[in-house]
Amino acid sequence: MIIDIHGHYTTEPQALHLFRDKQLAGLADSSRRPTSTDLGVSDEVLVKSVQPQLKFQTERGGDLTIFSPRAGGMAHHVGTEAISKQWTTISNDLIHRICNLLPDNFVGVGQLPQSPGVSPKNCIPELERIVKQLDFVGVNLNPDPSGGYWTDPPLIDKYWYPIYEKLCELEVPAMIHVSSSCNPNFHHTGAHYINGDTTAFMQLIQGNLFKDFPTLKFVIPHGGGAVPYHWGRYRGLCQDMGKPPLAEYLLKNVYFDTCVYHLPGIELLAKVIPVDNILFASEMVGAVKGIDPQTGHHYDDTKRYVDQVKGLSEQDRYRIFEGNARRVYPRLDQLLTKRGKPGAAR
C-alpha cells in the first residue's frame with residue numbers, strides 16, 4: 001500500500017475563498033463579516049474539487065493520502081484568535097467531509113486555531129474534536145504563528161507543553177508545518193517552509209523535550225529542510241552541547257518525509273537518515289506544480305525518486321511507503337486494520 005502522509009487541500013471550492021475574503025474584510029468593517037458559516041457546498045462539488053489529487057493518485061500508483069487544509073491558508077498571523085477558531089473549524093470540517101465521501105483515498109489531518117501570543121492550550125478543544133469526533137489521525141502544528149517573525153517561544157519551551165500532553169494522550173503525531181509568511185524577506189514555500197523545518201529541528205537539539213514526552217512524535221516535512229544535507233553540522237552541534245549522539249537523541253521521536261523534488265535529494269535523504277525515520281510523501285498539487293524539463297515528469301512525483309534509489313530492500317520500501325506511516329500514525333493503522341487492511345508483520 002502506498003500511503004502519502006503529506007497532502008493539502010489546495011483545490012478548495014470558490015465558496016471557501018469567498019468566505020475567507022468576507023471574514024478578513026470584517027476585520028476592518030464589521031458589516032462585511034460573513035453572516036453564516038454554511039458554505040453551501042454540495043458533496044458533488046467537493047468530490048469534483050479533488051479530482052486533480054485523485055488523478056495523480058491513480059497515475060502515480062498511490063493508494064491513500066493523509067489530507068489536511070492548505071498549509072499556507074492557515075495564516076495564523078491574520079486576525080484574532082476568534083477568527084482563527086472559526087476558520088479552523090470550517091477548514092477541518094471540509095476535510096472531514098471529503099474523507100467521508102472518499103474514505104479509500106483520503107484520511108484526515110487537521111490544523112489548529114493557533115494565534116500569535118495565545119497559549120497553545122487554547123487549541124486543545126479543537127484537537128480533541130478532530131481526533132475523537134472526526135477520526136483525524138494527526139495534526140499540523142505551526143511553530144511560528146506570527147507568519148515569519150518567530151515571536152512565540154521555541155518548541156522546547158514549556159509554553160507548548162499542554163498541547164504535547166494532549167498529543168501523547170490521544171496518540172497522534174504532529175507535523176511541524178509553518179504557514180504563509182507575512183515577512184517579505186521569506187518566500188513562503190521557497191524559504192519560510194524550509195527555514196521552519198530546519199529551525200524546528202535545531203530547537204529540538206537545544207532542549208531535552210523527549211525526556212519529558214518520550215512518546216511524542218513529530219514529522220518534519222520537506223525532507224527535513226536543510227537537516228539531512230547538513231547532518232554533520234547538527235551531529236557536531238549536538239556533540240558540542242554535551243548531548244547524546246544525535247540519532248539516539250532525536251530519531252526515536254522525529255521523522256522526515258520525502259517531499260524532496262529531485263532524485264539526488266531523495267538519495268541523500270535515504271543515505272543519511274535511517275529508513276525507519278523516512279515516510280513517503282509528495283505534497284502533490286502543492287508547492288511545486290510544474291513538470292521538470294530534465295525528466296518530463298512532475299517535480300512532485302516523489303514515488304519515482306524512491307523507486308529509483310539503489311540499495312533499498314523490499315522491506316525498506318515497505319517501511320517507507322506504508323509501514324512507517326502505520327507506526328507513526330497509530331490511529332491510521334487502527335483505521336486501516338478495521339477496514340480489513342492490516343499491515344505486514346513487523
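- Under a 3.5 Å cut-off, the side chain of R326 and the backbone N or O of A344 do not form any donor-acceptor pair.
- Under a hydrophobic-cluster definition in which Ile, Leu, Val, Met, Phe, Trp and Tyr are linked whenever side-chain heavy atoms come within less than 4.5 Å, directly or via other members, F218 and Y249 are assigned to the same cluster.
- Taking 4.0 Å as the cut-off between side-chain N and carboxylate O, R327 and D333 do not count as a salt-bridged pair.
- Using a 3.5 Å distance cut-off with no hydrogens or angles, the side chains of S282 and D4 do pair a donor with an acceptor.
- When all heavy atoms of S146 and T151 are compared, the pair lying nearest together is CB-OG1, 3.3 Å.
- Ring geometry for H192 against W150 counts as perpendicular: the plane angle is over 60°, on a 0 to 90° scale with 30° as the lower cut.
- Under the 4.5 Å side-chain contact rule for hydrophobic residues, L246 and I278 share a cluster.
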What do the steps show when you test Y161 against F213 for ring-ring contact (aromatic ring centres under 6.0 Å, His included), and what is the final call?
CA-CA 9 Å; Y161 275 30; F213 298 98; 4.8 Å; yes

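- Ion pair E126/K85 not flagged as a salt bridge, since none of the NZ, NE, NH1 or NH2 atoms sits closer than 4.0 Å to an Asp/Glu carboxylate oxygen.
- Note that OG1 of T302 is 11.0 Å distant from NE2 of H6, once rounded to the nearest 0.5 Å.
- Of the possible donor and acceptor atoms, none in the side chain of H77 sits under 3.5 Å from a partner among the backbone N and O of D144.
- Between the side chains of Q334 and R331, no donor-acceptor pair is found at a separation under 3.5 Å.
- Between E44 and K48 no salt bridge is recorded (no basic side-chain N to carboxylate O distance below 4.0 Å).
- Not counting sequence neighbours, the partners of D307 by the salt bridge (charged side-chain N to carboxylate O under 4.0 Å, His left out) test are K303.
- We find that E267 and K271 are not joined by a salt bridge, their nearest charged nitrogen and carboxylate oxygen being 4.0 Å or further apart.
- In terms of modelled atom types and a separation under 3.5 Å, the side chain of T11 and the main chain of S49 share a donor-acceptor contact.
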For L141 and Y164: C-alpha separation, side-chain torsions, deciding distance, then whether side-chain contact (heavy atoms from CB on, under 4.5 Å) applies.
CA-CA 10 Å; L141 181 67; Y164 297 160; 4.0 Å; yes

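- Remark: the backbone N or O of V285 is paired with a side-chain donor or acceptor of T10 at under 3.5 angstrom.
- Cluster partners of Y299, by chain and number: Y261, V288. The rule joins Ile, Leu, Val, Met, Phe, Trp and Tyr whenever side-chain heavy atoms lie under 4.5 Å apart.
- Hydrophobic clustering (side-chain heavy atoms under 4.5 Å, transitive across Ile, Leu, Val, Met, Phe, Trp, Tyr) groups F280 together with L269.
- In this structure, the ring of Y193 has its center less than 6.0 angstrom from the ring center of H177.
- Taking the ring centroids of Y149 and F186, they lie at or beyond the 6.0 Å cut-off.
- Note on Y318 and Y305: separate hydrophobic clusters, where clusters join Ile, Leu, Val, Met, Phe, Trp and Tyr whose side-chain heavy atoms are under 4.5 Å apart, directly or indirectly.
- At least one side-chain heavy atom of R60 sits less than 4.5 Å from a side-chain heavy atom of D300.
- Looking only at atom types and distance, the side chain of H17 has no donor-acceptor partner in the side chain of D21 under 3.5 Å away.
- Using a cut-off of 4.0 Å between Lys/Arg side-chain N and Asp/Glu carboxylate O, D93 and R129 are scored as salt-bridged.
- Side-chain heavy atoms closer than 4.5 Å link hydrophobic residues (I, L, V, M, F, W, Y) into clusters, and following such links, possibly through other members, connects I220 to Y229.
- Using a distance-only test at 3.5 Å, with no hydrogens or angles considered, no donor-acceptor pair links the side chain of H298 to the main chain of D301.
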Between W160 and L209, does a side-chain contact (heavy atoms from CB on, under 4.5 Å) hold up when you go through it step by step?
CA-CA 10 Å; W160 298 91; L209 181 62; over 6 Å; no

